[in-house]
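Notes for the one structure printed next.
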Amino acid sequence: MEASKYHDRAAMGSRGDPVYSAVMWNSGLGVLALLVTLGAAKGDIPSAPDDPAPRLQLTRLSGRIEVERSGGSLPYLPSGSIVRVHAGRAAFDCDCHASVLADEGDAFEFTVVRPEDGRPGSVRLAALERSLEVRVGDHKFLLGKGSALTVTAAWPGEAVVRGEGRSARHAAGSLAPDGSILTASRRLAPGDAVRAAVPQAKAFPDEALDLSRAKIAGSGERSLVVETAAPASESWLAREAEALRAIADWPVISQRAAEVILEKYGPPDLAIPERLSWYGNAPWKLTTVHRDPFGRIDVLEQTIAYEVPQDKAPSLAKFDVGLRLSRDRRELSAASEAEETNFLALNLADEVVRERRTPEEARAFYLKTVLQWNAGKSSPYLKGLRFR
């Protein structure tokens, strides 16, 4: 099917996912310019006050990378940076909602086009070696050597992804209208474009790498080598393959939750047909994704070390949003279909314990925040633990 005739719409089945909308067409510069013009008419993209240009940050690293750059300081990478992954795996986020996942042997170049004359800025990601995985919203793109993508936050809530160089593969956004996972991919030829639904605000989708956990293994005038402890590459890939085999026949909700956690935290420490488990994947003491044959949504269970006074346990029971307290009251767990809603439940549980909200107030806030999240609005309560 020609790109110009392709239309794909799929409603996201996961709580908090925006309505998925993708339109691929054979677009030249004229169509892209039209999209950018429309975006400018709808209002400026919210941006950091110090630098409105898109930025790229190092989010996760388990291994060793080399960054060829001019100026700038980690975890942010300046425009023109070339990144090479010498061992393990690294992840990078852009505040225009593009993410890069690179494995050992991968290399890519990051370039920024700054906003000008009312037009939003854009980023260009080019694969310099074998392959590169780029995600924009719920779309996944696989770039071969010599291919590139330009991502433009055309207006709040949407981004335009345009192919450059050699053709890339577009993995169709992962979900079909019935919620099933799509495995087929298709070419994104030079000039073709995809319009992706993304969060409204310009922001990094994840927190930057904690540099205290990394070390500078070498530096020069134009290059920097950074590393963290990493498993052997073969061990990493074997564990990842084992996890993917374990979830191959899982129900869609369980499989989707497992894939999201795999993307963020890497291979699990335990992979069996009934569950995947990660130990000590901070801020969690334990993360478990359950295979639920009944299709329930509380498939993602995450635990923190948190001591609850005996007289506060009844209040948490009244809160009643999927929380579980250990017998010794020193661990608190939340279970839902997404990490964001687990953060929300635990943040509110802490406020109930500290008597900042009643159980009824906390439950009402929980339900309201989830509804807003479904509508594409975020909250600090969804982004991490607000207490330590």
Under 3.5 Å side-chain donor-acceptor pair for Ser336 and Asp298: no
Gap separating the CG atom of Leu348 from the CG atom of Leu316, nearest 0.5 angstrom: 11.0 Å
Residues that Lys377 engages under salt bridge (Lys or Arg N to Asp or Glu O under 4.0 Å), provided they are two or more places apart: none
Contacts of type salt bridge (Lys or Arg N to Asp or Glu O under 4.0 Å), residue Arg327, not counting sequence neighbours: none
From CA spacing to verdict: side-chain contact (heavy atoms from CB on, under 4.5 Å), Ile304, Leu385: CA-CA 10 Å; Ile304 59 172; Leu385 298 176; 4.0 Å; yes
Under 3.5 Å: donor-acceptor pair, side chain of Gln372, backbone of Ser378: no
Heavy-atom donor-acceptor pair, Asp95 side chain to Pro54 backbone, under 3.5 Å: no
Minimal non-hydrogen separation, Ala159 against Val136, with atom names: CB-CG1, 4.1 Å
Side chain proximity check, Glu68 to Glu109, heavy atoms < 4.5 angstrom: no
Main-chain N/O of Asn347 paired with Asp350 side-chain donor or acceptor, under 3.5 Å: no
Ala208: side-chain contact (heavy atoms from CB on, under 4.5 Å) partners, not counting sequence neighbours: Gln57, Pro75
For Pro268 against Leu262, the heavy-atom pair lying closest together: CD-CD2, 3.6 Å
Lys NZ or Arg CZ of Arg363 over Phe319 ring: under 6.0 Å, within 45°: no
Partner set under salt bridge (Lys or Arg N to Asp or Glu O under 4.0 Å) for Arg324, not counting sequence neighbours: Glu301
For Arg357, all residues meeting salt bridge (Lys or Arg N to Asp or Glu O under 4.0 Å), sequence neighbours excluded: Glu351
Ring pair (Phe, Tyr, Trp, His ring centres under 6.0 Å) partners for Phe92, two or more places apart: Phe108
Validation row: Glu66, Leu224 side chains within 4.5 angstrom (heavy atoms): no
Salt-bridge contact Glu263-Arg135 (side-chain N to carboxylate O under 4.0 Å): yes
Sub-6.0 Å ring centroid separation between Tyr366 and Tyr381: no
Test item: Ser79 side-chain N/O and Val112 main-chain N/O as donor-acceptor pair under 3.5 Å: yes
Partners passing side-chain contact (heavy atoms from CB on, under 4.5 Å) against Ala334 (at least two apart in sequence or in another chain): Leu323, Asn342, Ala345, Leu346
Flag, side chain of Asp292 to backbone of Ser254, donor-acceptor distance under 3.5 Å: no
Fellow cluster residues of Ile82, listed by chain then number, with links counted only when side-chain atoms sit under 4.5 Å apart: Leu128
Test item: Thr369 side-chain N/O and Phe365 main-chain N/O as donor-acceptor pair under 3.5 Å: yes
Any side-chain heavy-atom pair of Leu101 and Arg89 under 4.5 Å: yes
Over all atoms of both residues, closest heavy-atom pair of Tyr265 and Glu339: OH-OE2, 2.6 Å
Salt bridge flag under 4.0 Å for residues Lys215 and Glu227: yes
Check: Thr59 and Leu209 side chains under 4.5 Å, non-hydrogen atoms: no
Minimum side-chain heavy-atom gap Leu125-Thr111 below 4.5 Å: no
Over 12 foreign heavy atoms within 6.0 Å of CZ, Arg386: yes
Residue list, ring pair (Phe, Tyr, Trp, His ring centres under 6.0 Å) with Trp284, at least two apart or on another chain: Phe343
Considering all heavy atoms, the nearest Val151-Ala98 contact: CG2-CB, 4.3 Å
N-O pairing of Arg124 and Glu164 below 4.0 Å: yes
Ser315 to Pro359 - nearest heavy-atom pair and separation: O-CG, 3.4 Å
Note: Arg356-Glu361 ion pair, threshold 4.0 Å (strictly below): no
Nonpolar side-chain network containing Ile272, other nodes, edges under 4.5 Å: Leu270, Tyr279, Leu286
Residues Thr150 and Ser122: side-chain donor-acceptor under 3.5 angstrom: no
Leu344 side chain near Trp373 side chain, heavy-atom distance below 4.5 Å: no
Short side-chain donor-acceptor distance under 3.5 Å, Ser277 and Asp269: no
Whether Arg64 side chain and His86 backbone form a donor-acceptor pair below 3.5 Å: no
Residue pairs passing the salt bridge (Lys or Arg N to Asp or Glu O under 4.0 Å) test where at least one lies in residues 306-315, sequence neighbours excluded: Lys312-Glu355
Salt bridge (Lys or Arg N to Asp or Glu O under 4.0 Å) pairs, two or more places apart, involving residues 276-287: Lys285-Glu331
Evaluation steps, side-chain contact (heavy atoms from CB on, under 4.5 Å), between Leu149 and Leu143: CA-CA 8 Å; Leu149 294 177; Leu143 280 64; 3.6 Å; yes
Whether over 12 other heavy atoms sit under 6.0 Å from Glu207 CD: no
Side chain to side chain, Trp278 and Val289, heavy atoms closer than 4.5 Å: yes
Heavy-atom side-chain contact between Leu74 and Leu211 under 4.5 Å: yes
Minimum heavy-atom distance His97-Val198, with the two atoms named: CD2-CG2, 3.6 Å
